[in-house]
Amino acid sequence: TADALIARSMHSSSATLGTARQLDRFGDPSGIVPIIGGLAIVGLATHHARLTRIALHAATSVGVAAVVAQSSKYLVGRIRPDGDPDLDGFDFRFLAASPSFPSGHSAAAFALATSLGDDIGHPLARAGLYLLAAGTGWARMAESRHWLSDVVAGAAVGVVSGRFAGGRLRVFGLHAPALFAAPGTLGLRWTP
């Protein structure tokens, strides 16, 4: 399969792994929280409602992607490349301890890229954000944490989550819940 061929062809040097670790952060809380938190703090501190809305949209997007990706992982139970003895991509264990499908980092990175890209609305910003998200997917494969299909599925979850959270897509006729913030208040609002 393509998963096995790509996994077997990934030979990561220490320099490649160093780059992968940096790109990996765009899909990890260590990179996402400062981005969203920074936007929210600046938006609230300067009373710039648009920045606050962008931060809340991004947080909702990443939250939706995380819930979908994490719940799917345990139901599918696919073993990660670094735990697959024959590196064929066909090893599954329901409720496995560290499942791989879909990639949660890729889902989060693409949700963040989609929500920020849609809110910024500039083609170069959108391209740069998607390039960072794709870099996160590559990093997860370079680190032998995910198969190509894990990354592709995670990217799909992220894009759909970003569009759903931004009100650009409905699922079963429903809009996503919306986070709202005001001085001293943080809440969740659901509208049909």
Side-chain angles (χ1 to χ4, degrees), residues 19-73 102-141 145-146 150-192:
T19 301
R21 278 191 283 281
Q22 293 306 312
L23 287 169
D24 196 329
R25 294 185 69 213
F26 192 69
D28 187 78
S30 68
I32 293 172
V33 170
I35 292 168
I36 295 173
L39 287 168
I41 289 168
V42 171
L44 291 171
T46 63
H47 305 288
H48 195 287
R50 183 169 184 263
L51 278 180
T52 305
R53 277 193 309 274
I54 289 171
L56 293 172
H57 174 210
T60 303
S61 298
V62 171
V64 169
V67 167
V68 171
Q70 294 307 313
S71 58
S72 298
K73 280 176 177 285
S103 167
H105 278 71
S106 296
F110 276 90
L112 184 62
T114 300
S115 63
L116 292 178
D118 286 351
D119 286 337
I120 293 168
H122 193 281
L124 288 177
R126 185 175 279 126
L129 288 162
Y130 279 120
L131 188 61
L132 281 170
T136 298
W138 168 83
R140 300 304 286 167
M141 291 186 301
R145 300 298 292 159
H146 285 288
D150 298 343
V151 169
V152 171
V157 166
V159 170
V160 169
S161 297
R163 294 287 160 88
F164 178 63
R168 292 171 175 85
L169 176 70
R170 289 184 187 195
V171 175
F172 303 118
L174 298 173
H175 287 286
L179 288 172
F180 65 91
T185 305
L186 181 64
L188 185 64
R189 178 177 40 225
W190 194 289
T191 55

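The first residue in the sequence is number 1, and the count goes up from there. Worth knowing before you read on, the calculation uses all heavy atoms, side chains too, and leaves out hydrogens, waters and symmetry mates.
To the nearest 0.5 angstrom, L39 atom CG is 10.5 Å from H48 atom NE2. Distance check: T52 OG1 to R50 CZ gives 11.5 Å after rounding to the nearest 0.5 Å. Remark: I54 CD1 to I120 CD1 distance equals 6.5 Å, nearest 0.5 Å. Between the CZ atom of R25 and the CD1 atom of I35 there is a distance of 9.0 Å, given to the nearest 0.5 Å. Taking CG of D119 as the reference point, atom CG of L51 lies at 10.0 Å (rounded to 0.5 Å). In this structure, I36 CD1 and L56 CG are separated by 9.5 Å, a value rounded to the nearest 0.5 Å.
Using a 4.5 Å heavy-atom threshold, the side chains of M141 and V151 count as touching. Side-chain contact check for D118 versus R163: some heavy-atom pair is nearer than 4.5 Å. In this structure, L129 and F26 have side chains that are in contact, with non-hydrogen atoms separated by less than 4.5 Å.
Between P102 and S72, the closest heavy-atom pair is CD-CB, 3.6 Å. Contact record, A113 with A133: CB-CB, 4.1 Å, taken as the closest heavy-atom pair. Nearest heavy-atom pair across A111 and S61 is CB-O, 3.6 Å. Closest approach of V157 to A107, counting heavy atoms only: CG1-CB, 4.0 Å. Between S161 and V64, the shortest heavy-atom contact is OG-CG1, 3.6 Å. Contact detail for T60 and A165: the closest heavy-atom pair is CG2-CB, 3.7 Å.
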Walk me through whether L132 and L112 qualify under side chain to side chain contact (heavy atoms under 4.5 Å, CB included).
CA-CA 10 Å; L132 281 170; L112 184 62; over 6 Å; no
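Judged by distance alone, the side chain of K73 and the main-chain N or O of S103 form no donor-acceptor pair under 3.5 Å. A side-chain donor-acceptor contact under 3.5 Å links H57 to the backbone of G162.
By the side chain to side chain donor-acceptor pair (under 3.5 Å) test, R145 pairs with D82, sequence neighbours left out. The side chain to side chain donor-acceptor pair (under 3.5 Å) check on T114 picks up Y130, with sequence neighbours excluded.
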